[in-house]
Structures are given as C-alpha cells and as structure tokens.
Number of protein chains: 2
Amino acid sequence: MPAPDASPRSRRDRPAKPALTADGIVAAAVKLMNQGHDQVTLRLLARELDTGPASLYVYFRNADELHAAMLDEMLGEVDLTPVTAPGDWRERLMKILASYIHILYTRPNLARSALVSRPRGRNYFDLIEALMSVLYEGGMDTERAAWGVDLLLQLATATAVEHGTRNQDPNAAQEWQAFLTALRTIRPDRHPHITAATAELVSGTPEARSRWQFLVLLNGILTAPAPSPRTP
Amino acid sequence: MPAPDASPRSRRDRPAKPALTADGIVAAAVKLMNQGHDQVTLRLLARELDTGPASLYVYFRNADELHAAMLDEMLGEVDLTPVTAPGDWRERLMKILASYIHILYTRPNLARSALVSRPRGRNYFDLIEALMSVLYEGGMDTERAAWGVDLLLQLATATAVEHGTRNQDPNAAQEWQAFLTALRTIRPDRHPHITAATAELVSGTPEARSRWQFLVLLNGILTAPAPSPRTP
DNA sequence: ACCTGAACACCGTTCAAGT
DNA sequence: ACCTGAACACCGTTCAAGT
C-alpha cells in the first residue's frame, strides 16, 4: 500500500494552497517583482497563486488597482529616518526623495502607475507627512508646503519613470548616441541657441542634474509668490 | 461589355494602395490618432494600410520607434508664436508650455513615450530653441537655460501624462472622491501635518496648480546656485 | 455566494515562404 | 531584395458554469 493519505485525491505534491486574500495577493505580486519580473501580469500572478486570472477580479477591480496596491506596499520601504536626523533640511529632504526614486527606479512600471494613479495608502501618507515635516523646518507656510510636496513628488516620480525605463531598455546607450549625433548636426542658422549650448545641454551626470533640479524646486517654492494670496 | 479594364484582376474596389514609406506610415498613424484612437497599435495601423503588421517592421524597429516618430510629428503643432510676441517673458514661456501640454493632454500614450524616449526630431529641436530663446530674455546664462529647458519640459510632460491619463479614465471622479475620503479619515496623531493642511493639499484648480509650478521652476532656476560653479 | 475554466478580443514580434 | 501570411507567445477582461 504505497503513499497512504487521508484523502489522496484532494491533494497535490505542492504545498497546500493558501486561501486568497487581497493582502496575500499583493504580497505575492511584490515577491514576484522582487524576483525580477518587470511586468507582474494578472496571468503570471494567477499562475503563481495556482489559480486562473479571473479569480483575482474578486479582490481587485482591474490590473491598475492591483498595481496601486503594490505601489503602496513598496512605499513602505522608503527611508524616512532623515526626518529626525541632524543636518541641513535640504539635504535631508533630498535623501528622502532619493530613497523614493531609488525604490521606483528599478520598477519603472510601478513608477508609471505612481504618476497616473493618486496613491492613498498608509505608506503614501507617511511619506507626505515626512516631507511636509522637513519643509516646515525650511520655514515654509502651510500652502507652500502642501503644494510643494505635490510638486516634489511629481518630479521625483517622473525622474524614476524616465531613468528607470531607459535603464531597462537594452538600446539605451545607442539611443543616447543617436541623440548626441542629432545634437551635433544641428544647423546654426535654424537653431543658434542650441548650437551655442550643445555642451551645457548634455553636461552633468544624472545625479548632478537631479540634485540641481530639487534645489531649484526648493528655492523656487521659497521665493515664488504663494499659491493663493490671502489678500486678493 | 461592362467595366473594361486593362488588368481587371489586379485591382480592388478600394483606392489604389499607395507604396509604403516611413513618412506615410507616420502620417497614417497620426491620422488614426486624431480620429480618436487612443492606442494606435501596429495591428490597427497595418489594417488601415491594407497590409500585415510584419510589414511595418521594414520601416520601424519596434512599436516604440513608431511612437517616437508620431510624437515628433505632433510636436510640429506646438504654438511657438509667443517667442516673438510682446509681453512678459514668463507669460510667453508658459503659453508655449501650455500649448505643448495641451497637445499631449489628449494623447496620454504619446505623452508617456515623450517621458521615456528622448525625442530628437526637427520639431523637438524647434521647441527647445524657442524655449531657450525666451529663457535668455529672462536673463539666464547658458547653463541655467540648458538645464532649465530640460526641467521645464520634464514637468510639462509629467503633467500631461498625469492629467491626460486621468482624464481618459472613466472612474477618475470616483478615484478623486476616494482620495478625499482617505484624506479626511487621516488620524491626527500619526499625520499631524497632513491633518492641519487638508484644505491646502487639495486646493486650487489643476490650471492654477500648474501655473504655480512653472512660476516656481522659473524662480528657482533664476535663484538657485548655477549647475556647475565656474570656480570650484 | 464565492470562485474559476474557458473563451473573447486583442497585443508585439518573428520567420519561413512568397514575389 | 523586399515584403508579408501565419504562427508564436503572450495580454486583460468577461461570463457561464461549477462548488
């Protein structure tokens, strides 16, 4: 009598299939992503969970909603410790943003969903709270801090999408070369300013550019007219 | 003798099929897009051109390359006349950017490709030239103008992606409601700054926000430290 | 009621076979 | 040599049918 089992026909060799929950699905999806799957599709995820793609629609209205849930899960990894660290507030703010960008950088698809869907999970609000806290240290009023956070995150997300996707593309280097060639063959009579600024248009490392951009934003938020003047 | 024709079996009722060229394909693709097709897929386009999708690979290495070509074509519609118009340079610059955003706004898919692929067509360089020209009027040096153009376009593109895609989504309104609800149920002990700034976080029309953002950028570019100090 | 197999209506890309 | 029909390997979403 080989392989005795209480109910031999109801089990398989693989581990018992856990009951599905929204959190469990998101956890499995994040796990797949961290294993290197750039695109966590509903079908891949369903395969992993040993079911069909239709089952996921019990927990998420569509693929976008799943991606949004994955995003909030990832945002829990953003390093918010610079909030209470010593040092210049600008540097600490940029550290938080750099952590945010870094997390999205290797997941350009999630970054894209961050640009489009307005996150509203707990981790997202923790991030907003942290950024506002540092902005207040910089002496901003409530309005500037609120609108400023939005702007800072929009640029950070766009940066992650841009660089992350490019980094993922195998012909990124050759696209860059093509851009340089196009820039060098610009005709001075039609594009005099570009011709004169060829070097500056491509100078700086991505990191240097990004750092400058955030300093520009912080200076601008501090010095530009407030969003809505209290005395209209 | 009805319908005499030199070679009756070599023609169809539909108009003579024009020979394919890269420009012709892009023109057909843009035409489809302007007819309301949000996603101009290779298959749809091939159907329109009375051929199979494989034929398009003779002219474009992949779908991304086609989208990039479409993007440059669309950029020809950006209104650059504010460059030479009278009035405040900031207002004129924002008019150009508004035109750029408006063109991408109803084509979020193209906007996404603008964020990822670095355009290098003639119309793109015309846009850069125009923006730099206005920035110089604002008194910027070459470095600030070059890096500034990049930053301004990055924000403009991100704005178009964000608002355009949301606008396209039928449940955008109900997503916004869900966000408002999430914001109102924030717990003051965990998120004191958000609680205190609830109104400011959602205030302002998208246009007012966008306008403020660009003023922030312009002020920041003017007042932030130059990208690379000449005396290190 | 909750779940899901199978089908529907698509994709981009490749390649062998046509002209 | 240039072009393309057909196939490959996928998608997200729906819905009738199961338990």
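A note on names: the letters A, B, ... follow the listed sequences, proteins ahead of strands, and every chain is numbered from 1. All values reported here derive from a predicted model rather than from experimental measurement. Excluded from the calculations below are hydrogen atoms, water molecules and symmetry mates; all remaining heavy atoms, backbone and side chain alike, are included.
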For the pair made of [atom1] in [X] and [atom2] in [N], what is the distance, rounded to whole Å?
X       : N      : atom1 : atom2 : value
B/Gln39 : C/dA9  : CD    : C1'   : 14 Å
A/Leu20 : C/dA1  : CG    : P     : 20 Å
B/Asp64 : C/dC11 : CG    : P     : 16 Å
A/Arg61 : D/dG12 : CZ    : C1'   : 15 Å
B/Phe60 : D/dT4  : CZ    : C1'   : 17 Å
A/Asp38 : D/dC10 : CG    : C1'   : 15 Å
B/Leu44 : C/dC11 : CG    : C1'   : 12 Å
B/Leu42 : D/dC10 : CG    : P     : 19 Å

Which atom of [X] lies closest to which atom of [Y], heavy atoms considered:
X        : Y        : value
B/Glu73  : B/Val26  : CB-CG1, 4.1 Å
B/Glu162 : A/Leu115 : CG-O, 3.1 Å
A/Pro119 : A/Ala114 : CD-O, 4.4 Å
A/Ala69  : A/Phe60  : CB-CE2, 4.0 Å

Look at the side chain of [X] and decide which nucleotide, out of [options], has an atom nearest to it.
X       : options                : result
B/Ala54 : D/dG12, C/dG12, C/dC15 : C/dC15
B/Arg43 : C/dT4, C/dG12, D/dC11  : C/dG12
B/Tyr57 : C/dT13, C/dT4, D/dT13  : C/dT13
B/Val58 : D/dC11, C/dT4, D/dT4   : D/dT4
B/Ala63 : C/dC3, D/dT4, C/dG12   : C/dG12

Nearest-Å distance once atom [atom1] is located in both [N] and [M]:
N      : M      : atom1 : answer
C/dC8  : D/dC11 : C1'   : 12 Å
D/dA9  : C/dC10 : P     : 22 Å
D/dA17 : C/dC2  : C1'   : 13 Å

Worksheet item: In the strands shown, is C/dT19 matched to any nucleotide by a Watson-Crick or G-U wobble pair with both distances under 3.5 Å, and which?
Response: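 With both distances under 3.5 Å, C/dT19 matches D/dA1.
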
Discussion item. Can you tell me the base-pairing partner of C/dA6? Count Watson-Crick or G-U wobble geometry only, both distances below 3.5 Å, and say none if there is no partner.
Written reply: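 Base partner found: D/dT14.
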
Practice prompt. Please check the phosphate of D/dC3 (OP1 and OP2 only) for any side-chain N or O of B/Ser55 closer than 4.0 Å.
Written response: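 Answer is no, no contact under 4.0 Å.
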
Discussion item. When you measure from the side-chain N and O atoms of B/Tyr59 to the phosphate of D/dC3, is any distance below 4.0 Å, counting only OP1 and OP2?
Written reply: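 It does, given that an N or O in the side chain of B/Tyr59 lies less than 4.0 Å from OP1 or OP2 of D/dC3.
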
Worksheet item: Using a distance-only test with no angle check, is there a side-chain donor-acceptor pair under 3.5 angstrom linking B/Thr21 and B/Asp23?
Response: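 No, B/Asp23 and B/Thr21 have no side-chain donor paired with an acceptor closer than 3.5 Å.
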
